[in-house]
Enquirer: 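Below is one structure. I have some questions about it.
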Protein chains: 2
Amino acid sequence: MVDAKSGDDSLLFLTDENLRRGIEAMFFAYRGFTSDPDRILQGLDYGRAHHRAVHFIHRAPGTTVGNLLDILGVTKQSLNRVLRSLFDDGLVEARVGRKDRRERHLYLTEKGAALERSLSDAQRARMRSAYRAAGPVAVAGFRTVLEAMMDAEQRRQYQAQYHGAKDGAP
Amino acid sequence: MVDAKSGDDSLLFLTDENLRRGIEAMFFAYRGFTSDPDRILQGLDYGRAHHRAVHFIHRAPGTTVGNLLDILGVTKQSLNRVLRSLFDDGLVEARVGRKDRRERHLYLTEKGAALERSLSDAQRARMRSAYRAAGPVAVAGFRTVLEAMMDAEQRRQYQAQYHGAKDGAP
DNA sequence: AATTTATGTCAGCCTTGTTGACATTCCAAG
DNA sequence: CTTGGAATGTCAACAAGGCTGACATAAATT
């Protein structure tokens with residue numbers, strides 16, 4: 001079911017105007033998307049970078065530092081600053097790898113898991129409300145377009161569900 | 001047409017797992033979304049903040065500084081730093097308001113328009129490719145979910161198409 | 001005439017990214 | 001067994017781009 005006015009296969013959704021609207025939608029939506037966690041984090045000594053680290057450690061417990069570097073796409077120096085403060089505050093702990101003892105496997109402590117929960121509860125609440133308002137068909141489309149917007153490498157990581165936890169604890 | 005396995009109205013798309021996937025999709029997709037302009041801007045003296053300013057000035061020529069502050073959601077000090085460099089480099093010009101001469105109305109110069117074009121061409125190309133791959137139905141869903149994810153005020157601005165250019169030139 | 005609004009600007013701070021250099025540990029290949 | 005390279009940590013320095021606070025100016029509004 002396409003646009004009746006269109007003789008072709010209705011590529012009207014590809015006009016520059018529509019693309020611009022999509023670009024701006026991404027801009028505004030991303031602001032909303034990050035605003036709740038940002039609000040929680042301000043006042044604490046943490047920022048968005050800590051949120052990301054905590055999220056992906058929760059997501060793939062036992063993931064290595066190198067793995068996290070790949071996922072987050074930052075330098076190790078930048079990540080290290082974040083991880084150090086999370087170690088110091090007892091939110092994350094690193095266990096030396098059993099097979100490869102150079103690797104550090106990262107786990108949330110109880111305290112870290114509590115912060116993760118408070119952040120992701122807020123973010124999930126917004127996402128859930130948006131999903132519910134939009135309905136399952138729209139949600140499927142949402143995910144399809146977002147995946148098509150990723151770089152190949154990002155898409156691979158997204159779809160792979162991060163097989164990052166190769167090793168257990170020592 | 002919902003999930004046949006579900007006795008309820010199929011709220012299976014609202015599971016925490018699905019919400020998490022959506023959250024991560026936003027994270028990775030936004031990285032892709034900004035990567036092309038970022039690549040162009042690095043090397044030049046500009047960053048993402050300049051891109052945003054240039055985008056919205058192009059979008060609503062004659063918009064005022066205050067208007068831009070509302071849209072971008074930053075402080076005037078932060079925006080001013082960006083605008084000053086754009087003035088100095090001759091990418092943006094400010095004209096004193098005709099009705100209210102306190103206001104500065106912002107316009108892209110030829111040079112500014114050229115930069116805007118190069119940035120938005122890159123970003124549109126990615127968006128077009130994603131749209132084309134996903135198809136019109138998915139795109140509609142994409143936009144619906146993104147709008148539902150915005151704060152009310154952001155949504156208002158998004159839907160209003162920025163009636164920002166209240167005044168002409170002096 | 002007094003107040004408010006729109007804008008600009010200075011100074012200083014924070015977070016989070018960057019590069020470069022270097023040390024440590026330790027697996028794996030020769 | 002030795003050594004090369006991989007994984008990690010750390011120090012220093014820097015930049016972009018947010019922020020707050022304070023103050024200045026011009027113009028509109030009351």
Side-chain angles (χ1 to χ4, degrees), chain A residues 27 30-31 34-35 37-54 62-89 92-106 164 166-167 170, chain B residues 27 30-31 34-35 37-54 57 62-88 92-106 164 166-167 170:
Chain A
F27 172 68
Y30 197 77
R31 268 228 302 249
T34 55
S35 61
D38 282 356
R39 214 172 354 258
I40 293 172
L41 286 162
Q42 84 173 14
L44 304 168
D45 287 353
Y46 307 122
R48 208 176 287 180
H50 300 81
H51 179 195
R52 292 197 280 257
V54 164
T63 194
T64 61
V65 173
N67 217 306
L68 214 46
L69 286 176
D70 286 344
I71 291 172
L72 297 177
V74 299
T75 58
K76 66 178 174 178
Q77 293 88 337
S78 190
L79 176 59
N80 195 254
R81 179 171 36 201
V82 167
L83 285 180
R84 203 183 327 149
S85 70
L86 293 174
F87 292 151
D88 290 350
D89 297 348
V92 170
E93 63 179 28
R95 306 184 199 154
V96 173
R98 207 190 316 146
K99 267 180 51 186
D100 185 337
R101 306 192 358 172
R102 290 166 305 181
E103 295 182 336
R104 303 302 149 98
H105 297 267
L106 304 171
K166 301 162 192 160
D167 195 7
Chain B
F27 172 68
Y30 197 77
R31 267 226 305 247
T34 56
S35 61
D38 282 357
R39 213 170 354 256
I40 293 172
L41 286 162
Q42 83 173 14
L44 303 169
D45 287 352
Y46 306 122
R48 209 176 284 181
H50 300 82
H51 180 195
R52 292 196 281 257
V54 163
I57 294 170
T63 194
T64 62
V65 172
N67 217 306
L68 212 48
L69 287 176
D70 287 344
I71 290 172
L72 297 177
V74 297
T75 59
K76 66 177 175 177
Q77 293 89 334
S78 191
L79 177 59
N80 196 255
R81 180 171 34 199
V82 168
L83 285 181
R84 203 184 324 152
S85 70
L86 293 174
F87 292 151
D88 290 351
V92 171
E93 63 179 27
R95 305 183 200 156
V96 172
R98 206 193 312 146
K99 268 180 53 187
D100 186 337
R101 307 193 355 177
R102 289 170 308 183
E103 295 181 335
R104 303 302 149 96
H105 297 268
L106 304 171
K166 301 161 190 159
D167 194 8

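So you know, we letter chains A, B, ... as the sequences are listed, proteins then strands, and number each from 1. Because only heavy atoms are used, hydrogens play no part in the values below, and waters and symmetry mates are left out as well, while side chains stay in.
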Enquirer: With B:Val54, which residues qualify under side chain to side chain contact (heavy atoms under 4.5 Å, CB included), at least two apart?
Expert: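 Residues passing side chain to side chain contact (heavy atoms under 4.5 Å, CB included) with B:Val54: B:Leu86, B:Leu108, B:Glu116.
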Enquirer: Quick one: side chain to side chain donor-acceptor pair (under 3.5 Å) partners of A:Arg31, sequence neighbours excluded?
Expert: none
Enquirer: Once side chain to side chain donor-acceptor pair (under 3.5 Å) is applied, do any residues pair with A:Asp89, and if so which ones, sequence neighbours excluded?
Expert: A:Tyr46
Enquirer: Please report, rounded to the nearest Å, how far the P atom of D:dG21 is from the CG atom of B:Asn80.
Expert: 18 Å
Enquirer: Whole angstroms only, please: what is the CZ-P distance between A:Phe87 and D:dT10?
Expert: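 Roughly 9 Å, once rounded to whole Å.
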Enquirer: Does A:Arg81 have any salt bridge (Lys or Arg N to Asp or Glu O under 4.0 Å) partners at least two apart in sequence or in another chain, and if so, which?
Expert: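 A:Arg81 satisfies salt bridge (Lys or Arg N to Asp or Glu O under 4.0 Å) with no other residue.
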Enquirer: Here's a test of your reading of the structure: between B:Arg81 and A:Gly73, which maps to the more 5' nucleotide of DNA chain C?
Expert: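 The 5'-side residue here is B:Arg81.
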Enquirer: Anything under 4.0 Å to a heavy atom of chain A counts; send over the first and last such nucleotide of DNA chain C, read 5' to 3'.
Expert: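 Range of nucleotides touched by chain A: C:dT16 to C:dC27.
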Enquirer: Quick one: side chain to side chain contact (heavy atoms under 4.5 Å, CB included) partners of A:Gln77, sequence neighbours excluded?
Expert: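 If we apply the side chain to side chain contact (heavy atoms under 4.5 Å, CB included) test to A:Gln77, skipping adjacent residues, the hits are A:Thr75.
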Enquirer: Distance check needed: D:dG17 C1' versus B:Arg84 CZ, whole Å only.
Expert: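 In whole Å, D:dG17 C1' and B:Arg84 CZ are 13 Å from each other.
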Enquirer: Got a sec, which residues hit salt bridge (Lys or Arg N to Asp or Glu O under 4.0 Å) with A:Asp38, two or more places apart in sequence or on another chain?
Expert: A:Arg48
Enquirer: Do B:Thr64 and B:His105 get their side chains close enough for a donor-acceptor pair, meaning under 3.5 Å?
Expert: no
Enquirer: How many whole angstroms separate atom CG of B:Asp38 from atom C1' of D:dA16?
Expert: 12 Å
Enquirer: Check this for me: does the side-chain of B:Gln77 come within 3.5 Å of the base of D:dG18 through a donor and an acceptor?
Expert: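 No, the side chain and the base share no sub-3.5 Å donor-acceptor pair.
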Enquirer: Verify the neighbour count for atom CG of B:Asp45: are there more than 12 heavy atoms of other residues, nucleotides or ligands below 6.0 Å?
Expert: no
Enquirer: Starting at the 5' end of DNA chain D and moving along, which residue's nearest nucleotide shows up first, A:Val65 or B:Val82?
Expert: A:Val65
Enquirer: With sequence neighbours left out, what residues match B:Arg101 under salt bridge (Lys or Arg N to Asp or Glu O under 4.0 Å)?
Expert: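 Salt bridge (Lys or Arg N to Asp or Glu O under 4.0 Å) list for B:Arg101, sorted by chain: empty.
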Enquirer: In residues 44-54 of chain A, what residues come within less than 4.0 Å of DNA chain C, judged by heavy atoms?
Expert: A:Gly47, A:Arg48, A:Ala49, A:His50, A:Arg52
Enquirer: I need the CG-P distance between A:Leu72 and D:dT8, as an integer number of Å.
Expert: 13 Å
Enquirer: For nucleotides 24-27 of chain D, print each protein N/O atom paired with a nucleotide N/O atom at under 3.5 Å, atom names and distance only.
Expert:
unit_1 : atom_1 : unit_2   : atom_2 : d
D:dA27 : OP1    : B:Arg101 : NH2    : 3.2

Enquirer: Using the test salt bridge (Lys or Arg N to Asp or Glu O under 4.0 Å), find all partners of B:Arg84 that sit at least two apart in sequence or belong to another chain.
Expert: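 Counting only residues at least two positions away or on another chain, B:Arg84 forms no salt bridge (Lys or Arg N to Asp or Glu O under 4.0 Å).
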Enquirer: Does B:Tyr30 have any ring pair (Phe, Tyr, Trp, His ring centres under 6.0 Å) partners at least two apart in sequence or in another chain, and if so, which?
Expert: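 In terms of ring pair (Phe, Tyr, Trp, His ring centres under 6.0 Å), with neighbours along the sequence ignored, B:Tyr30 is linked to A:Tyr30, B:Phe33.
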